[in-house]
Amino acid sequence: MAFNRSFLSLFALVSLLTNISSTLAFPSYSSLAGLSEREVEELVARLPQVLPPNPPGPLEFNGTKLYLPRDGVATPTQIIQAVQEGFNMDSGTARFVVYAAHLVDGNLVTDLLSIGGKTKKTGADPPPPAIVG
């Protein structure tokens with residue numbers, strides 16, 4: 001019986017703390033710039049009414065987009081465009097990631113990069129110590 005009372009007391013304390021923390025997290029704020037409710041209503045009445053534009057129509061092409069060549073060998077420009085459109089990646093980030101991969105695993109002579117394994121489609125291997133992934 002003592003266990004149930006202490007458990008209920010603990011539960012009541014946790015409930016009280018939860019209620020207090022949510023009250024402190026979302027305090028009530030006063031009116032905009034200290035204006036009274038009447039002043040706010042007068043300001044809102046003077047604002048111009050603007051209708052939102054119509055939503056855009058359906059896409060002209062809603063099929064699957066092919067961002068990269070089917071063989072997986074592409075130029076850095078093609079890959080940058082693909083990650084920007086396909087993954088909505090920021091331009092700076094896309095350029096950094098693609099050119100970093102191109103420096104490590106791409107063929108700088110032919111300016112091609114394989115997004116898969118090593119392939120002869122990127123061109124001849126450069127002389128050692130350079131490698132082409």
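Not measured: the values here are computed from a predicted model.
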Report yes if the side chains of L43 and E39 come closer than 4.5 Å at any heavy-atom pair, otherwise no.
no
Pair H102-N107, side-chain hydrogen bond (donor to acceptor under 3.5 Å, both in side chains): steps then yes or no:
CA-CA 7 Å; H102 187 51; N107 191 330; over 6 Å; no
Quick one: does S114's side chain get under 4.5 Å of D105's, heavy atoms only?
no
Taking all heavy atoms of A74 and all of L68, pick out the closest pair and write down the distance.
CB-CD2, 4.0 Å
Does a side-chain heavy-atom distance below 4.5 Å link V40 with E37?
no
Search all heavy atoms of A94 against all heavy atoms of Q84 and return the closest pair with its distance.
CB-CG, 4.0 Å
Between R38 and E42, does any side-chain N to carboxylate O distance fall below 4.0 Å?
yes
Checking Q81 side chain against Q78 main chain: does a donor-acceptor pair fall under 3.5 Å?
no
Less than 4.5 Å apart, any side-chain heavy atom of Y67 and any of I79?
no
Could you give the distance from OG1 (T93) to CZ (F87), rounded to the nearest 0.5 Å?
13.5 Å
Linking I/L/V/M/F/W/Y whenever any side-chain heavy atoms sit under 4.5 Å apart, do V98 and I115 land together?
yes
I80 and R95: which non-hydrogen atoms are nearest, and at how many Å?
CD1-CG, 3.6 Å
Side-chain contact, heavy-atom cut-off 4.5 Å: K121 with L112?
no
